[in-house]
Amino acid sequence: MRRTLSILVSLLLVVSGFAFAGGSQEAGESAAQEAAESGPMVIGLSVSTLNNPFFVTLRDGAQETADGLGVELVVVDSQDDPAREASNIQDLIQQGVDALLINPTDSDAVVPSVQRANQAGIPVFTVDRGANGGEVVAHIASDNVAGGEMAANYLIDAIGGSGKVVELQGIPGTSAARDRGEGFNNVVNDTSGVEIVAAQTANFNRTEGLNVFQNILQAEPEIDGVFAHNDEMILGALQAAEAAGRADQIVFVGFDAVDDAVAAVEDGRLAATVAQQPSEIGSLGVSTAVTYLEGQDVDSYIPVPLSLVTQ
Amino acid sequence: MQYSLKMQGIHKHFPGVHALDDVSFDVEAGSVHALVGENGAGKSTLMKLISGSLVPDEGSIEVFGEAVRFRSPAEAQHHGISMIHQELTVVPERSVASNIFLGREPRALGGLFIDYRALNTQAKALLDRLDVRVDPTVPISELSIAQQQMVEVAKALSYNARVIIMDEPTSSLTERETATLFRIIRDLRADGITVIYISHRLEEIFEISDRVTVLRDGRTIRTDATADLDEDTIVSSMVGRTIDTIFPKREVEIGETILHVDGLSGNGFRDVSFSLRKGEILGISGLVGAGRSEMVRGLMGIDPVDGGSIDLFGQPVTTPRVAGMMRRGFAFVPEDRKEEALFLGMSVRDNLVVSLLSRLFRSGLIQYGRLGEVTAQYIDKLRIQTPSQGQLIRNLSGGNQQKVIIARCLALKPSVLILDEPTRGIDVGAKAEIHTIIGDLAAQGVGIIMISSELPEILGVSDRIVVMKEGRVAAQLDRTEATQDLIMQKAATGGGS
Amino acid sequence: MTTTFDLGALFRRFGLLIAIAVLVFGLALLSPQFLAVQNVLNLLLQATVNAIIAAGMTLVILTAGIDLSVGSVLALTAVITADVLQAGVPVVLAVVIGLGAGAVTGLVNGLLITLGRIPPFIATLGMMTLARGLALSYAQGRPITGLPDRFLLVGTSSMLGIPTPIWITAVVYGAGMFVLRRTVLGRYIYAIGNSSRAARFTGIPVRSATVAVYVISGALAALAGMILTARLNSAQPIMGLQYELNAIAAVVVGGAALSGGEGGLGGTFLGALLMAIIANAINILNISPFVAQVLQGSVILAALLLHGLSRRNQ
Amino acid sequence: MIPTVRRIVVRYSTFLILAALMLLFSLVSSRFLQVNNLLNIVDQSALLAIVAIGVTYTIISGGIDLSVGSVVALVGAVSAGLIVRAGLPVPVGILLGLVFGALLGLVNGLFVVYGRLQPFVATLAMMAIARGLTLLYTQGRPISGMGEAYTFFGSRLGPIPVSILVLLVVVLVSGTVLRRTPFGAYVYAVGGNEETTRLAGVAVSRVKLGAYAFSGLMAAVGGIILTARLWSAQPQAATGLELQAIAATVLGGASLMGGAGTILGTVAGALIMGVLANGLNLAGVSSYLQQVITGGIFILAVLLDMWTKRQKV
């Protein structure tokens with residue numbers, strides 16, 4: 001008897017663990033509840049990953065705008081896993097959100113989720129990355145391929161039109177790595193005199209950026225420029241080059257314009273980084289959705305301008 | 001006379017060892033044939049040849065007149081030979097029936113599925129035949145060791161065995177369980193089944209066997225009808241010399257009380273009280289499962305106790321923990337050598353000093369010189385046979401392994417030494433040596449608590465005997481009043497206290 | 001018993017070393033850069049983080065345990081360290097706090113395993129998720145950057161031309177070998193790995209020794225995290241993903257048995273070195289990233305098969 | 001009476017935890033217990049459950065399989081590639097994918113049985129190799145456009161997700177094999193006591209090979225389901241799934257020492273993880289905190305399980 005009782009107590013402990021977790025997240029909970037009732041507008045935001053500062057900033061931008069407009073924002077995190085994304089979006093639909101902002105992990109893999117939302121009659125907006133199918137009311141993004149091209153053009157100019165460059169790639173198989181790489185390679189391959197001497201993956205990761213570029217520096221006595229698919233990797237590469245004393249011979253171009261990278265540009269260590277304005281993307285996503293839900297027309301493509309952050 | 005087994009001129013070499021040297025071994029059909037010999041005499045090798053695990057280098061084997069050459073246990077089984085290993089070979093989580101028919105389950109639906117109903121019925125029939133009351137559908141791990149042993153016999157029968165080899169089947173059985181096993185063996189014999197019986201316990205041999213073969217150093221020394229032999233003859237054939245008495249009891253002056261246990265209770269034992277005096281050997285007897293091992297584990301602080309008191313030299317010991325008990329002067333030789341005492345992948349030296357380390361090197365830093373000295377001292381003192389201190393302990397014989405464990409305890413210079421089945425599975429020579437060591441220790445004033453399931457050993461060695469039954473003390477007997485019958489009576493039927 | 005020259009024994013003892021030598025020789029032929037002093041230093045530098053984590057993992061695996069939480073613990077302690085550094089805590093104190101945080105997570109692991117009696121695989125698997133979540137919550141998913149220069153020296157300075165992290169690794173391995181060979185705790189670790197039941201019966205403080213190895217493992221993960229943080233001038237909550245598997249791979253390639261009681265730090269270091277050599281070679285030779293993982297997996301398999309083969313011939 | 005209650009608690013602790021969690025979430029969110037949401041949960045957990053069932057086989061046999069996540073991705077890519085690039089009919093592509101998955105599992109088994117590698121490291125190496133092969137095969141790009149016959153497996157039949165039907169079939173088949181056939185009995189026996197099983201004349205090597213091949217096959221089924229659900233094969237799909245599958249198996253009561261475990265337990269374990277993810281989403285808990293809670297609940301659940309089991313003695 002005593003033991004059975006203890007088991008029940010343990011279960012109660014688990015339960016109270018939840019109560020705590022639930023309690024600390026009242027905002028989200030009430031959002032779900034109120035969605036059921038028809039209080040203020042509720043918008044679901046599915047983010048590809050909150051393990052990356054870029055998307056954290058995107059989320060913050062969206063949250064800020066939502067707060068300003070008096071809209072509840074329910075955020076789910078796919079952790080770069082398309083299967084989890086599909087589940088998360090299913091859950092948002094289940095919560096009865098009024099509109100879905102999706103930042104897909106992959107443009108193909110998100111299609112069934114978009115269609116499911118369509119069937120449920122929930123308008124879908126994609127941010128940063130598009131969907132290759134389903135009905136999307138509007139796509140709010142800046143173009144990764146264009147960004148890669150922009151970076152390439154800047155880099156080629158900066159090294160004087162010819163030379164040896166290195167490409168640090170993102171996680172193989174992710175769309176950001178594909179698109180940015182495609183843009184970069186489109187330009188470089190069309191430019192005679194510029195040679196990609198090494199193209200290695202550093203998995204969007206600063207540590208690997210450091211290690212991988214250290215090795216490339218070793219292998220290649222002559223490097224004029226580096227382009228990395230994100231800022232994390234270029235900052236790692238920058239550190240490797242500075243340690244090796246070759247930073248001043250190389251032009252570094254990153255992507256995303258995260259705070260660290262912008263600071264590095266201001267310090268003159270980093271030549272440039274492609275700014276996508278994630279906060280603006282998130283903010284525009286929410287305001288576009290609200291505008292649409294209020295019955296007004298919105299454009300089907302809302303470009304967020306890319307800019308190159310340079311000194 | 002029909003022979004179920006005839007072996008002639010068997011030789012078997014292993015690298016560096018002539019394990020079997022011109023062995024001949026005949027077993028009459030429908031008899032119980034005992035095989036005895038010290039550890040390393042070649043019994044296991046011989047049995048492996050018969051049961052198909054090994055192939056002889058030379059010599060012939062005939063089974064019921066048919067010349068055979070087994071290349072696998074399956075072939076031997078096919079010829080009606082089954083072996084029950086000393087260490088039980090069961091799949092713990094599976095049911096009794098599944099264990100019996102493992103690999104030969106009755107099939108249903110064209111062989112695709114196991115017919116569990118038939119499986120259980122057939123198992124039930126086998127167990128009934130042995131008069132073993134066990135539910136064939138329960139996991140075998142829920143059975144007692146003795147019951148598992150009976151299941152092993154049932155398994156052997158399920159192969160339609162005509163020859164069943166039993167290797168030390170009673171080593172973990174109580175007297176009463178042994179009696180049940182003997183009844184089954186007699187029934188088997190009555191059904192015309194041959195039993196080859198390996199044991200270190202001579203009294204069992206006289207009780208159950210028709211003929212005895214003695215092996216020594218890989219040779220057959222003699223094969224005779226049991227009725228024509230006596231204990232001394234067998235022992236001297238085994239060891240190649242005469243041993244006056246197996247249990248040399250030395251008269252020791254018994255001093256003051258050093259340990260007093262009062263009302264000790266824990267998982268598996270209740271309200272156990274006894275005292276131990278300086279130089280005294282306290283035997284603890286009882287059936288397996290009577291709570292003897294549990295009690296000493298509680299006393300040593302290995303398992304938790306939930307009541308009672310322990311007084312050592314008049315000082316109460318609260319919430320015992322192993323390391324603390326060892327510091328206070330306790331030392332312990334556990335029951336299951338392989339699982340509870342040995343570090344098989346470590347050296348003789350590391351095994352010997354392991355309990356001593358924290359005492360020898362208070363700073364936590366090891367000085368190898370010191371370690372070597374201590375080790376050498378005890379290797380010498382206990383005449384442990386090992387090529388070097390660095391030898392892996394798994395390469396030593398059982399008797400020498402046990403001596404290392406006893407040395408580990410002696411190195412602690414204990415005032416109380418607890419030994420749980422110290423001579424189980426150890427050959428006669430080593431056994432006598434261990435008894436001598438125990439006697440010497442008592443003479444030096446160490447209080448000794450010894451658990452043993454072997455009644456002659458308990459009777460021969462102890463000054464006083466505590467008999468346990470169902471977790472409680474059933475009787476305390478003085479050596480002058482104790483007899484096998486009395487102990488058995490107390491252990492089996494209780495009798496108050 | 002023969003005293004003749006035994007090639008098999010030589011190979012058993014130095015197999016991994018020989019394999020590495022052959023690999024290095026081959027790589028040196030393929031690229032003259034490979035054996036340049038600077039590259040060798042780079043390679044060692046890149047091996048340090050994995051090697052330090054693997055050192056702790058070796059102790060854990062010797063007790064027949066496993067620690068899957070090291071990658072997450074590395075991230076958690078890194079963000080904590082970086083945060084207190086930014087708050088102006090002196091460098092030495094911050095390092096102590098970071099190492100302490102790692103030790104605390106190790107302590108929790110150890111207690112779950114000893115008192116909670118959860119198998120190590122499961123306990124540390126739970127801790128892996130939990131610590132990662134804590135790291136992300138703590139840093140709110142963002143890197144913490146802008147650390148004091150004095151702290152960065154941990155990762156960026158050199159002594160006698162050799163980068164500091166390599167010195168730190170050498171100290172860790174020296175201390176680890178000393179613990180394993182010359183201390184009572186070392187004997188206990190091997191004994192527990194051999195048979196934890198026998199260890200309990202012989203009065204070895206099994207629980208505290210087990211807790212100790214997980215504490216060491218947690219603290220070493222924290223140390224590795226600091227080296228990374230200092231090299232990058234940034235602590236990120238997603239650092240150390242899958243580092244646990246790299247460390248385990250280094251330990252088993254180094255010849256330790258996951259069943260415990262067998263292996264040592266020398267082997268682990270060679271294992272970590274081998275893995276760093278492969279990663280380095282992939283960059284130096286500009287091998288396609290798509291092939292990289294296939295290559296790494298195959299080399300691990302080959303090393304283990306070789307190891308098993310040489311042992312079986314015993 | 002009480003012993004019976006305790007026995008039930010011990011035996012069905014996984015299901016009790018599942019029930020407790022569901023009760024809890026139904027209090028937190030009114031939408032949780034809606035039929036559609038419950039169907040969603042099973043749909044979301046099907047992949048994990050199916051893959052974990054395969055892993056359960058290897059764990060019962062005393063091994064482990066860390067390669068399943070990579071095999072899911074590789075089989076998804078290869079089956080999609082055979083259909084899209086090589087133009088094979090959908091059923092052929094799926095069938096070949098399944099065969100391929102089983103073969104990958106078999107290779108694991110070969111390394112374990114004949115290479116005598118520890119299962120943990122053999123399958124760890126396979127995890128890296130299969131992921132690498134996926135990247136090589138896809139050249140890092142997703143493969144899509146398999147057509148409706150393929151994506152059927154990710155769609156719904158009326159309100160019922162097809163993945164649930166696949167899961168049902170898998171549970172039925174794998175449960176029957178494990179509980180009713182000689183192979184299933186030997187998987188348990190090998191994990192319980194390998195030497196005894198060998199001595200009983202059972203072809204232990206074949207049983208182990210079978211267990212790993214089955215695990216590969218289940219990962220392949222998972223790969224098809226996932227690819228169908230996403231309408232595309234992703235080169236980085238199912239990373240980290242292996243640890244989740246092991247977690248589900250352990251939650252389901254299997255012992256990492258081998259010899260114990262059930263299919264229904266594993267499915268319940270997978271559902272616990274699915275319920276947690278879904279419930280925490282509905283409760284609006286941040287993703288960072290979700291990880292903290294998931295890790296904590298996992299440890300608590302295992303503690304509870306260990307503890308109730310210990311009370312039996």
Side-chain angles (χ1 to χ4, degrees), chain B residues 48 51-53 70-78 81-85 87-95 97-120 138-142 148 151-152 155-156 158-159 165 266-268 294 303-304, chain D residues 3-4 6-7 10-11 56-57 59-62 172-208 210-211 252-263 265 307 309-313:
Chain B
K48 281 180 182 162
S51 62
S53 300
F70 301 137
R71 272 155 310 203
S72 72
E75 275 185 44
Q77 276 162 357
H78 188 71
I81 296 175
S82 279
M83 174 139 182
I84 299 173
H85 295 268
E87 276 146 28
L88 289 180
T89 52
V90 299
V91 186
E93 308 276 348
R94 302 297 284 166
S95 75
S98 297
N99 265 286
I100 292 176
F101 289 103
L102 180 58
R104 302 163 295 127
E105 298 83 353
R107 305 290 172 91
L109 295 179
L112 225 52
F113 295 97
I114 292 178
D115 185 346
Y116 276 98
R117 189 173 299 173
L119 179 77
N120 290 329
V138 303
I140 198 161
S141 56
E142 290 183 11
Q148 294 185 21
V151 172
E152 292 272 333
K155 185 174 174 180
S158 75
Y159 282 101
I165 305 164
N267 196 1
E294 289 81 353
D303 292 346
Chain D
T4 329
R6 199 186 309 151
R7 196 171 266 257
V10 169
R11 185 142 178 206
T56 303
Y57 267 65
I59 286 183
I60 292 176
S61 80
L172 215 64
V173 171
S174 59
T176 309
V177 167
L178 204 51
R179 288 172 54 98
R180 294 275 147 213
T181 67
F183 170 69
Y186 300 156
V187 170
Y188 278 107
V190 168
N193 188 336
E194 184 173 338
E195 195 47 38
T196 296
T197 312
R198 195 189 311 277
L199 283 177
V202 173
V204 168
S205 305
R206 252 185 282 166
V207 173
K208 284 188 170 178
S255 157
L256 289 181
M257 308 293 293
T262 61
I263 297 301
W307 190 71
K309 269 184 190 141
R310 226 175 296 146
Q311 300 304 314
K312 190 171 62 169
V313 191

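In this text, all values refer to a predicted model and were calculated from it rather than measured experimentally. Every chain is numbered from 1 and lettered A, B, ... according to where its sequence line falls, protein lines coming before strand lines. Computed over heavy atoms, backbone and side chain alike; hydrogens, waters and symmetry mates excluded.
Here the closest heavy-atom approach between residue D:L199 and residue B:Q77 is recorded as O-NE2, 4.4 Å. The shortest non-hydrogen separation linking D:A189 to B:L102 is CB-CD1, 3.7 Å. When all heavy atoms are compared, the tightest approach of B:V91 to D:T197 is CG2-OG1, 4.2 Å. For B:Y116 against D:R179, the heavy-atom pair with the smallest separation is CE1-O, 3.0 Å. Here the closest heavy-atom approach between residue D:G192 and residue B:P92 is recorded as O-CD, 3.7 Å.
B:R104 touches chain D through its backbone: at least one of N, CA, C or O sits under 4.5 Å from a heavy atom, while the side chain does not. For B:F101, no part lies under 4.5 angstrom from a heavy atom of chain D. For D:Y186, the part lying near chain B is the side chain, with the backbone staying farther off; criterion is any non-hydrogen pair under 4.5 Å. Looking at B:L112, the atoms closer than 4.5 Å to chain D (heavy atoms on both sides) all sit in the backbone: N, CA, C or O.
Here the CG atom belonging to D:N193 is positioned 11.5 Å from the CD atom belonging to B:E93, to the nearest 0.5 angstrom.
When each of D:G184, D:G259, D:A185 is scored by its heavy-atom pairs under 4.5 Å with chain B, the top score falls to D:A185.
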